[in-house]
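Before any comments, here is the structure.
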Amino acid sequence: MRKRTVLLLTTVLILLVCVIGVYGAIAAYYSTHFFKNTSINGINVSDLTVAEAEDLIAADVANYRLVITGRDEEQEILTGTDFEYTFVPGDETRALLKQQNAFAWIASCFSKGVSYSMDTSVTYDEEKLEALVAALPMMQEDQMEAPENAYVALLDDGTYGIVAEVEGTQLDMEKVQSAVLTAVDAGKKSLNLEMAECYVEAETTSEDESLIEEVSLYNQYSSMVINYYMSGDVVVSLNSSTFMEWFSLDENNTPAFDYDSVAAWVDALADTYDTVGTLEPFVTSNGDTVYVESVTYGWQMDREAETVELYSLLLAGNTEGRSPVWTVSALTRGTNDIGDTYVEIDYTNQRMWYYKDGELLVETPVVTGNTSVGNASPEGIYYIVYKERNATLTGEDYETPVDYWMPFYGNVGIHDADSWRSLYGGTIYMSSGSHGCINTPTAQAQTIYENIEAGTPVVCYSSGIDYGYATASSGTSYVTNSSEDTDDSSDADIDEDDNITIYGGTSSTATSSGTAASGSGSSDSDTGSSDASVSDTGVSGSDSDSSGQADSSDGTSSGSSLSTNDAEFEIVISDETTWTTGSSDGASGDSSGSTSGSSSGGTTDDSVVVIE
């Protein structure tokens with residue numbers, strides 16, 4: 001029994017010694033060898049000594065290749081032999097082995113192993129390596145695409161949005177060279193240039209806060225509309241398709257518009273809708289179309305002031321409606337901006353018309369500026385500047401009071417002239433015209449004055465067509481719708497040949513400039529009576545020098561003197577009235593004569609009496 005116990009203990013002891021010996025022997029082995037499942041820089045060095053591991057590392061270095069991958073998955077390979085990449089053994093491998101606890105070899109058998117990363121001692125020609133990198137196809141400028149910044153753009157739906165940045169393939173040479181050297185020094189076999197941040201990046205991306213603010217401002221301003229009300233039904237809209245080309249934001253996203261572009265747009269607007277200075281078509285009272293320059297009347301924009309106003313509106317960024325700043329504005333906007341209330345003056349025919357709300361209120365002969373001394377009245381479209389009662393017109397050589405004064409161009413205006421002028425129309429203006437004003441019979445001037453307002457257009461033109469309007473006196477009845485015509489009035493016109501045409505009624509007075517004569521005559525009839533006189537500057541005569549009477553029952557009359565100074569006048573008598581006149585001897589100043597006219601019921605045919 002005792003022998004068995006000793007034997008068993010001896011056996012156990014022997015086995016323990018064997019185990020310890022084996023364990024120690026294995027531990028001794030791993031004191032010079034790497035454990036199983038051990039790698040260095042990816043090289044399996046299990047059960048290898050330092051020298052053996054270094055041989056493998058040296059072999060791996062001899063076959064070294066660096067694979068470089070670009071952004072578009074393009075790859076380039078650098079081979080170690082091309083730049084003399086060589087392993088130089090050092091203490092790095094041995095130091096790793098010393099970290100290993102040889103007696104822990106059993107535990108290492110059941111572990112996942114150990115992977116060491118070691119800075120391998122190598123040598124290489126750095127200049128050759130840099131040259132190889134610089135020569136890579138992906139490093140050539142013509143193979144690179146520069147990045148593009150994200151930006152704000154007008155989208156297909158009419159709004160503004162952010163167009164994302166474009167990465168491009170442009171490499172930073174210095175960053176690439178640095179990344180390659182680092183990889184080679186570490187013995188890495190691959191290099192991703194994008195992960196190494198070797199690409200030139202866009203400076204502005206779609207995530208940029210400033211760009212997000214910018215697109216918001218663009219959308220705000222692009223929704224704005226400025227509506228210009230040009231009078232009448234004319235509306236001009238300035239919208240984003242035009243003004244957003246002038247729009248910009250500075251580095252602080254402060255909105256701005258190109259001022260010169262704003263001014264150019266205002267100029268174009270004014271060029272289109274200004275009418276002052278343009279020739280406008282005008283249909284005359286006689287049915288002809290003439291073209292008259294709008295001198296002071298019409299539309300004229302204050303371009304500078306309007307540019308300032310528009311620029312301010314654009315900066316505000318709100319939809320607005322406005323009328324331009326006008327220096328001159330018409331009463332309406334249309335074919336010629338005149339409308340249906342205006343004064344019309346035809347210099348050729350010495351005729352003036354006044355229409356109010358489309359109704360002819362006054363038609364009258366006038367006397368305009370004396371063309372023989374360069375005082376011709378101005379042509380063009382003007383407007384009544386103001387009106388004044390009992391004004392005094394002054395010039396270098398005159399001071400004349402008038403009852404009704406309506407200036408329309410400087411010192412030129414419409415006014416009454418009966419206090420010094422008795423004849424109107426015809427060709428008086430050619431030799432005895434005004435200083436430029438429109439001399440008008442007082443009654444007609446009054447009617448116009450009482451019905452006209454400042455701003456009313458005045459259209460002055462020379463039609464060039466003689467419509468045969470005769471000279472007439474201030475006492476002649478003219479078209480005027482402010483009072484009714486009566487049957488007991490009569491008219492008298494004196495033409496260019498000084499022929500006096502008297503139209504019937506109960507009474508009338510006609511005065512004409514003759515060669516050099518003055519005189520009067522009177523007649524009675526059962527239907528009415530009429531007086532007619534002629535006069536001329538520098539010749540004296542009076543009603544007291546002659547007289548005549550007639551008895552309408554037999555159509556005869558007798559009369560006394562009429563001084564004519566050898567002038568000849570033809571009096572045309574018409575309109576169913578019995579008229580008589582006397583003849584005289586201009587030499588003696590005393591005469592008598594008779595004229596008979598057939599009558600029937602107090603009427604007579606037209607008759608002509610020639611006075612010599």
| said: Checking side-chain polar atoms at under 3.5 Å, does Asp337 have a donor or acceptor matched by the opposite partner on Thr275? | reply: yes
**Message:** Looking only at the aromatic ring of each residue, does the gap between the centers of Trp246 and Tyr221 stay below 6.0 angstrom?
**Reply:** no
In Asp208, Asn253, Leu249, the residue satisfying side chain to side chain contact (heavy atoms under 4.5 Å, CB included) with Glu213 is Asn253
**Glu84 and Lys128 ion-paired at < 4.0 Å** = yes
Exercise. Looking only at side chains, do Asp157 and Thr159 share a donor and an acceptor under 3.5 Å apart?
Worked result: yes
>> Whether the Gln220 and Ser222 side chains hold a donor-acceptor pair (N or O, under 3.5 Å, no angle test) is what I'd like checked.
In response: no
Self-check item: salt bridge (Lys or Arg N to Asp or Glu O under 4.0 Å) between Glu309 and Arg303, intermediate numbers included
Solution: CA-CA 10 Å; Glu309 292 293 329; Arg303 302 183 183 214; over 6 Å; no
Of Leu269, Val325, Val328, the one forming a side chain to side chain contact (heavy atoms under 4.5 Å, CB included) with Met301 is Leu269
- Cation-pi check, Arg322 onto Tyr229 ring (under 6.0 Å, within 45° of axis): no
Of Thr204, Val215, Val163, the one forming a side chain to side chain contact (heavy atoms under 4.5 Å, CB included) with Tyr151 is Val163
Of Thr296, Ile338, Ile384, Ile438, the one forming a side chain to side chain contact (heavy atoms under 4.5 Å, CB included) with Val458 is Ile384
Trace of the salt bridge (Lys or Arg N to Asp or Glu O under 4.0 Å) decision for Asp60 with Lys189 | CA-CA 11 Å; Asp60 183 70; Lys189 296 181 179 180; 2.8 Å; yes
>> Counting the benzene-type ring for Trp, do Tyr342 and Phe282 have ring centres under 6.0 Å apart?
In response: yes
